[in-house]
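Note: hydrogens, waters and symmetry copies are ignored here, and every other heavy atom, side chains too, is used. Position 1 is the first residue of the sequence; numbering continues from there. We count ligands from 1, going down the list as the structure has it; atoms in each ligand are counted the same way.
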Amino acid sequence: MENAVSVTELDRRSGIPGIAQILEGNGGLTKVRITSPASVGEMYLHGAHVTSWQPSGADEVFFVSSKSRWQDGIAIRGGVPICFPWFGDNRDDSKAPAHGFVRIKSWQLDAIALTEHAVTVSMSTGSDEGTKQWWPAEFRLLYRATFGIELSLELELHNASTAPLRFEEALHSYYRVGDVRTARLEGLDGVHYLDKTDAYRENVQQGDVVIAGETDRIYLNTPGAVEMQDLVLRRRIRVDKENSLTTVVWNPWADKARGMADLGDNGWTQFLCIETSDVLGSAVEVAPGQQHRMKAVIRVAGL
Ligand code: TA6
């Protein structure tokens with residue numbers, strides 16, 4: 001259910017003329033559109049989902065499928081889905097939504113703030129009867145997206161329960177590439193990873209990551225940055241992070257993509273998911289009343 005407040009009222013309350021507008025987006029979902037000198041971008045209240053960021057002088061950074069669904073209860077295919085409080089299928093309940101429930105529900109728009117060179121959009125969500133059917137916890141989840149010459153994404157969990165909370169989290173970012181078959185991902189050489197295409201077998205990365213088939217890997221103990229080289233769009237995308245110990249790398253390749261109605265025929269060639277995350281053994285535990293903030297900072301440069 002979208003927020004009861006009208007789009008016009010939200011724009012009156014939180015819009016910044018010429019910089020940030022709240023308007024109706026795809027599927028009638030409400031979005032924030034950023035048009036600042038440093039960058040343009042878009043973020044839906046549905047899933048607090050960033051769907052576009054284009055720093056000044058650069059091309060669009062994120063991929064969004066032309067066949068994506070745009071409706072309550074279904075995740076947008078592309079951009080930056082937020083996976084929380086579990087990653088992948090729920091190991092305790094096969095009927096629970098994949099990647100948790102926050103990417104498929106409407107969030108609250110809390111504020112839009114203009115600083116000297118950037119615009120920060122703050123959204124939040126929290127526990128309610130709906131979430132407790134899947135996860136019996138009292139929590140608030142804050143998300144700040146700062147659109148500037150770089151993009152900063154901060155996901156902050158506040159434990160409002162009287163017991164510790166343990167959860168997984170991921171910014172499941174679909175980075176747009178000219179052709180995933182010629183992209184190279186640097187920064188994971190020598191890192192151990194679990195291969196989801198091979199029953200989670202543990203391997204060690206040799207050199208750069210190149211995509212030559214279905215790729216679905218969870219790189220372990222990766223606190224550092226990664227950088228993707230795109231030989232077609234002639235650019236590098238760098239992802240730095242804080243408080244994230246796993247990096248997931250995913251591309252479905254042709255066969256799996258054919259079974260994804262919201263991806264379309266050749267969509268798989270145009271993105272690589274590089275996911276800033278804390279999953280599996282790096283799941284996070286937060287004491288009552290405490291908080292945890294995971295952050296990703298994305299930058300684009302020419303080759
Ligand atoms: O992050 C990789 C992954 O877990 C893959 O296994 C695949 O399921 C992908 O996420 C997409 O999941 P979704 O539920 O968005 O279709």
Contacts for ligand 1, heavy atom under 4.0 Å, by chain and number, are Arg77, Phe87, Ala98, His99, Arg103, His172, Lys196, Asp216, Val248, Trp250, Glu275
Partner of Tyr175 by ring pair (Phe, Tyr, Trp, His ring centres under 6.0 Å), out of Phe62, Phe63, Trp250
Phe62
Rounded to the nearest 0.5 angstrom, the CE-CD distance for Met294 and Glu169 is 4.0 Å
Give a yes or no on whether Arg69 atom CZ has more than 12 heavy-atom contacts from other residues, nucleotides or ligands under 6.0 Å away.
no
Under 6.0 Å from the CG atom of Asp89, do we count more than 12 heavy atoms belonging to anything else shown?
no
Quick note, salt bridge (charged side-chain N to carboxylate O under 4.0 Å, His left out) partners involving residues 102-121, not counting sequence neighbours, are Lys105-Asp128
Minimum heavy-atom separation for Lys295 and Ser152, please, with both atom names.
CE-OG, 3.4 Å
